[in-house]
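Below is one structure, written out as structure tokens, with a few remarks after it.
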Amino acid sequence: MIAGMTLSSLAASVNVEVPLDLRRAKGWVGQLLENVLGANAGNKPEPDFIDLGIELKTLPVDKNGKPTESTYVCVVPLSDTTGLRWNNSIVRAKMNHMLWLPIEADKQIPLGQRRVGAGIFWRPDVDTEVQLAADYNEFIERISLGEVESITADQGNWLQIRPKAANSSMLTEGIGEEGQSIRTLPRGFYLRPSFTRGIIEQWRSTSPEGGDK
DNA sequence: TGTTGATCATGC
DNA sequence: GCATGATCAACA
């Protein structure tokens with residue numbers, strides 16, 4: 001029902017002001033859509049629609065419909081990694097059912113005039129999940145071995161690990177090279193734009209609304 | 001121009 | 001400080 005609507009009309013429907021730009025309101029679009037659609041997980045590490053088990057993600061896209069940014073998934077566990085496996089991971093819980101909402105992100109369009117696209121309900125197919133699991137397990141193994149400081153963003157096929165903090169001086173507990181406790185920058189799991197591009201392309205080729213371009 | 005590392009706002 | 005929502009902006 002909200003496909004095609006502008007952010008300013010959606011904001012008006014929930015009595016929210018539209019900021020001039022996103023520089024000081026980076027998560028504004030995502031929070032607006034949570035509001036409009038009634039997501040209820042708050043800031044808990046659970047899917048947004050708890051009862052449905054569905055994770056809501058806005059996906060900024062350029063004029064060609066290609067994602068312009070990576071997608072944050074969740075915080076990376078850096079200290080208590082024993083027993084962590086793909087099957088009991090928060091990454092898997094969130095990615096099991098996702099609702100993607102493409103949003104126009106061309107900076108030439110004023111924020112309030114940007115439109116929401118058709119929602120894409122998505123679940124990973126078997127091959128995709130195998131690859132995500134491989135990325136995840138490799139990262140967790142390296143973290144368990146005390147290699148967190150040598151993980152860079154160019155590692156991982158679909159998932160990547162990057163800093164996720166208020167600033168570069170934030171520290172959290174991690175595992176050092178000798179297995180000791182260290183202080184290290186908090187990290188997050190992110191999905192590469194190449195991954196979300198695939199979701200859009202898959203939708204375009206299979207949905208009646210999607211056309212074939 | 002795409003990526004990587006850094007950063008912004010909010011709630012508790 | 002940690003978890004949510006993400007985008008910014010410098011640099012390769």
Side-chain angles (χ1 to χ4, degrees), chain A residues 7 10-11 14 16-50 53-81 89-91 93-95 98-112 114 116 135 139 143 148-174 181-198 200:
Chain A
L7 297 185
L10 290 172
V14 290
V16 163
E17 295 274 316
V18 181
L20 274 178
D21 59 56
L22 294 175
R23 263 188 314 183
R24 296 204 159 266
K26 295 184 181 179
W28 182 81
V29 177
Q31 304 211 311
L32 171 65
L33 272 299
E34 284 190 347
N35 254 244
V36 169
L37 297 178
N40 59 356
N43 58 0
K44 292 192 283 293
E46 297 174 31
D48 296 299
F49 298 99
I50 293 174
I54 295 175
E55 176 72 12
L56 172 66
K57 287 292 180 194
T58 56
L59 185 59
V61 295
D62 67 16
K63 57 181 189 243
N64 299 315
K66 284 171 51 172
T68 60
E69 288 283 352
S70 57
T71 300
Y72 169 70
V73 181
C74 62
V75 161
V76 178
L78 297 179
S79 52
D80 297 312
T81 56
S89 68
I90 293 173
V91 179
K94 292 199 171 188
M95 297 201 59
M98 296 189 111
L99 178 62
W100 297 94
L101 292 177
I103 312 283
E104 286 180 322
D106 186 337
K107 290 189 192 309
Q108 294 185 343
I109 309 173
L111 184 56
R114 298 180 191 175
V116 178
D135 279 348
F139 280 131
I143 290 162
V148 61
E149 304 280 23
S150 62
I151 295 175
T152 55
D154 61 0
Q155 293 157 20
N157 195 252
W158 296 133
L159 285 173
Q160 64 179 175
I161 286 181
R162 308 214 309 273
K164 172 61 172 171
N167 55 62
S168 58
S169 53
M170 284 242 327
L171 293 172
T172 190
E173 185 182 1
S181 172
I182 61 168
R183 306 293 291 167
T184 190
L185 192 55
R187 319 295 165 98
F189 283 116
Y190 295 80
L191 293 167
R192 297 181 182 283
S194 54
F195 183 86
T196 45
R197 193 201 313 145
I200 299 267

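The sequence lines fix the lettering, A, B, ..., with proteins before strands; numbering per chain opens at 1. Predicted, not measured: the structure shown is a model, and the values here were computed from it.
Checking the phosphate oxygens (OP1, OP2) of dT4(C), no side-chain nitrogen or oxygen of Q31(A) falls inside 4.0 Å. Regarding contacts with the backbone of dT4(B), every side-chain N or O of S70(A) stays at 4.0 angstrom or more from both OP1 and OP2. Contact between the side-chain N/O atoms of Y72(A) and the OP1/OP2 oxygens of dG5(C) is not found at any separation under 4.0 Å. Residue S168(A) places at least one side-chain N or O closer than 4.0 Å to OP1 or OP2 of dT7(B). Put simply, R162(A) has no side-chain N or O that comes within less than 4.0 Å of OP1 or OP2 on dT7(B). Of the side-chain N and O atoms in T172(A), one or more sit less than 4.0 angstrom from OP1 or OP2 of dC2(C).
Residue whose closest nucleotide on DNA chain B sits further toward the 5' end, between A166(A) and Q155(A): Q155(A). Position along DNA chain B of the nearest nucleotide to K66(A) versus L185(A) favours K66(A) as the more 5'-ward residue. In terms of position on DNA chain C, the residue among E69(A) and A25(A) whose nearest nucleotide sits closer to the 5' end is A25(A).
For Y190(A) and dA6(C), a side-chain-to-base donor-acceptor distance below 3.5 Å is present, hydrogens and geometry of angles not being considered. Counting atom types as modelled, K164(A) pairs a side-chain N or O with a base atom of dG5(C) as donor and acceptor under 3.5 Å.
G27(A) comes within 4.0 angstrom of a nucleotide base, judged by non-hydrogen atoms across all strands. Using a 4.0 Å heavy-atom cutoff across all strands shown, R24(A) reaches sugar-phosphate atoms only and no base atom.
Counting heavy-atom neighbours within 6.0 Å of L20(A) CG, excluding the residue itself, gives a total of 12 or less.
The nearest whole Å value for the distance from the CG atom in N35(A) to the C1' atom in dT4(C) is 13 Å. Across the protein-nucleic acid pair, L33(A) atom CG and dA6(C) atom C1' stand 13 Å apart, rounded to whole Å. With rounding to whole Å, N167(A) atom CG is found 10 Å from dC8(B) atom C1'.
Put simply, CD on Q155(A) and OG on S150(A) are 7.0 Å apart, with the number rounded to the nearest 0.5 Å.
Distance from the side chain of K26(A) is smallest for dA6(B) among the nucleotides dG5(B), dA6(B), dG1(C). Picking from dG5(B), dT7(C), dT4(C) the nucleotide with the shortest atom distance to the side chain of K94(A) gives dT4(C). Looking at the side chain of P60(A), the nearest of the listed nucleotides dT7(C), dG5(B), dT4(C) is dT7(C).
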Quiz item: After noting the C-alpha distance and the side-chain angles of L159(A) and L191(A), does the key distance pass the side-chain contact (heavy atoms from CB on, under 4.5 Å) rule?
Solution: CA-CA 5 Å; L159(A) 285 173; L191(A) 293 167; 3.7 Å; yes
Self-check item: CA sep, side-chain torsions, deciding dist, call: L10(A), N35(A), side-chain contact (heavy atoms from CB on, under 4.5 Å)
Solution: CA-CA 9 Å; L10(A) 290 172; N35(A) 254 244; over 6 Å; no
Quiz prompt | Pair E149(A)-I182(A), side-chain contact (heavy atoms from CB on, under 4.5 Å): steps then yes or no | solution = CA-CA 10 Å; E149(A) 304 280 23; I182(A) 61 168; 3.9 Å; yes
